[in-house]
Visitor: 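Encoded as structure tokens, here's the structure I'll be asking about.
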Amino acid sequence: MQNHNLFAALRAAFPADLDSTAIETADGPGAPRYYTWRDLERATAMIANLLASLQLPAGSRVAVQTDKSVEALMLYLAVLRAGYVYLPLNTAYQAAEIDYFIGNAEPAVVVCAPKHFAWISRIAFNAGTRHVFTLGDDRTGSLLERAAHCSDRHEPAVKQADELAAILYTSGTTGRSKGAMLSHGNLLANAQVLKDYWAWQPGDVLIHALPIFHVHGLFVASHGALLNGSKMIWFAKFDPKAVIARLPEATVFMGVPTLYVRMLAEPALTREACARMRLFIAGSAPLLAETFNAWAERTGHTILERYGMSETVMLTSNPYAPATARKAGTVGFALPGVGVRVHDDAGRPCAPGEIGGIQVRGPNVFAGYWRMPEKTKEEFTADGWFKTGDVGQVDAEGRFTIVGRSKDLIISGGYNVYPAEIEGYLNDMPGVAESAVIGVPHPDFGEAVVAVVVPKAGAALDGPAMVARLKQQIANFKVPKQLYLVPELPRNAMGKVQKNLLRDRHKGLFA
Ligand code: MLC
Ligand code: AMP
């Protein structure tokens, strides 16, 4: 029987010389550290054997909130290898957020940073998780201590293409986060298409400077390099100066627009520094034409923008060749084998240039939301296309442009922030009558979170104290950069808050 385990496919792409360098760390404890392909092979076997020794039920989730490290990547690969389901969690998440994810996903195993063991293990054990391990970014923690006693040989678990490989939580427009269920087949199909579409080549070297708890860094970047047997220069934390210093050794870079904006602010970013580079890829948030143009002028390289999401991995991409066919402000063409279309609210296809909802179908599209069949049903059309919640158009050649979102979502520095969630926290504070959370243009983050709050009659609210309170409750990137107290929110005739008016009112805040 053919094994569709994603790890097996990645493993098959390792180069013949297993003693060559697979990953070189550029920062973090002990840098530079060199990991060979053999190290990846052996360490993932040992961790997979540790997981296997726990005799977890089939389909068990392994939830992970750790700082970025090569060992954390190995843990991801080991979970695939052992046949369990990987559930990555943003390192910025705090107790209430972690409590929800663990409660909802009911992981059999939780792995966290040693410094967070006390509170995370309490949440996990309360939720019925049996095993909590620690993994530090300096190779410390119980996970590696235990794995050190395990065999370094392991046969990848046999998986069907439609079996679950990972759950990625993506916040809901109303209510709580939904776990997008991605299969081994979804992830491998997308990785293979991108390998061809972006013309990965022998000798490519990827600078990996993104977090590994979202689609972009965990799947698109890591799978890309692994499936090509390419070396990675591994940054635990993005630092524009340090990344630019390594560009002469690399050929491929992937980043959210904020990373490009920050590198452009560095005089060291020059044509010479980029002379060996083959490809700069951007996505996860809109890349401004201004950034695209400034990058081309400074480096001589045309950024390739692509479009994706947790539920579908990558959907569209600007072309690889010729580079002149990459157009600012567009996200390119449907990837081979992926169906992408634009439909109006009545479900009719839009003509070229007409604006509507972007829908997708293909081997990359997820199976549904974890334990939310109703939500899943709502997000698919009757004929089986997934409604992305992005609004856009397609031109006569098939090139897509995103013009907005029907989902109330803010994308700040590549992280998604759902206004409804922040409004919930604000509305729970004493003295708050109601609130509206909006995204406004920000030169660094693309969009920044801003809150507009209405106090109850007679209540004296303290804006900075409210922001400080939020900082203790939720991930820092979700905390409003500015909070306004106002007597009332603008509403339309139907009584609906007019966020567009608020956005307009505050659009110059960070100009
Ligand atoms: C950090 N901060 C942010 C922020 N990141 N504020 C708003 N938006 C963000 N994205 C704030 C923190 O709250 C903190 O504020 C201060 O900045 C310093 O925190 P930090 O962690 O030291 O920041 P920094 O390292 O500079 O992080 C910035 C960044 C990071 C751009 C490197 O945000 C990042 O890695 N973004 C990439 C996200 C990503 O990978 N997205 C892909 C999603 S996948 P304070 O006040 O608390 O001190 C996807 C699908 C697809 O969307 O298509 O790819
Ligand atoms: P996530 O839920 O984190 O996977 O975020 C997915 C969302 O990011 C998409 O639905 C889009 O709104 C947005 N996105 C991803 N890539 C792009 C892009 N190139 N341009 C504009 N928006 C993008």
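Start at 1 and go down the list; that is how both ligands and their atoms are numbered.
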Visitor: Suppose we measure from atom 13 (C) of ligand 2 to each protein heavy atom; which comes out shortest, and what is that distance?
Guide: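 Atom 13 (C) of ligand 2 sits closest to the protein heavy atom Ile411 CD1, 3.4 Å.
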Visitor: In this structure, does ligand 2 have an atom that sits under 4.0 Å from one of the heavy atoms of Gly389?
Guide: no
Visitor: With a heavy-atom distance limit of 4.0 Å, tell me whether Phe477 approaches ligand 1 through its side chain, its backbone, both, or neither.
Guide: both
Visitor: Hey, is atom 18 (C) of ligand 1 touched by any protein heavy atom at less than 4.0 Å?
Guide: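 False for atom 18 (C) of ligand 1.
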Visitor: Measure from atom 28 (C) of ligand 1 to every heavy atom in Lys68, Glu447, Arg262 and give the option owning the shortest one.
Guide: Arg262
Visitor: Could any protein non-hydrogen atom be found less than 4.0 Å from atom 47 (O) of ligand 1?
Guide: yes
Visitor: Note the single closest protein heavy atom to atom 5 (O) of ligand 2, along with its residue, its atom name and the distance in Å.
Guide: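 Checking every protein heavy atom, the shortest distance to atom 5 (O) of ligand 2 gives Asn416 ND2, 3.0 Å.
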Visitor: Would Lys178 and Tyr369 count as a cation-pi pair here, with the cationic atom under 6.0 angstrom from the ring centre and within 45° of the axis?
Guide: yes
Visitor: What is the closest protein heavy atom to atom 19 (N) of ligand 2, and at what distance does it sit?
Guide: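 Result: Arg306 O, 2.7 Å.
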Visitor: Among all protein non-hydrogen atoms, which one is nearest to atom 20 (N) of ligand 2, and what is the separation to 0.1 Å?
Guide: Glu305 OE2, 3.4 Å
Visitor: Decide if atom CZ of Arg503 counts as having more than 12 heavy atoms of other residues, nucleotides or ligands within a radius under 6.0 Å.
Guide: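 Enclosed: over 12 neighbouring heavy atoms sit under 6.0 Å from CZ of Arg503.
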Visitor: Given that the side chain starts at C-beta and the backbone is N, CA, C, O, which of these parts of Lys407 lies under 4.0 Å from ligand 2, counting heavy atoms, or is it both or neither?
Guide: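 The side chain, only.
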Visitor: Would Pro211 count as a contact of ligand 1 if the rule is a heavy atom under 4.0 Å away?
Guide: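 Yes, Pro211 has a heavy atom closer than 4.0 Å to ligand 1.
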Visitor: Out of Ser310, Gly308, Gly283, indicate the one that has the non-hydrogen atom closest to atom 15 (C) of ligand 2.
Guide: Gly308
Visitor: Check if Lys478 has a non-hydrogen atom at a distance under 4.0 Å from any atom of ligand 1.
Guide: no
Visitor: Heavy atom to atom 17 (C) of ligand 2, shortest distance: which of Gly404, Ala285, Ala180 holds it?
Guide: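 It is Ala285 that holds the nearest heavy atom.
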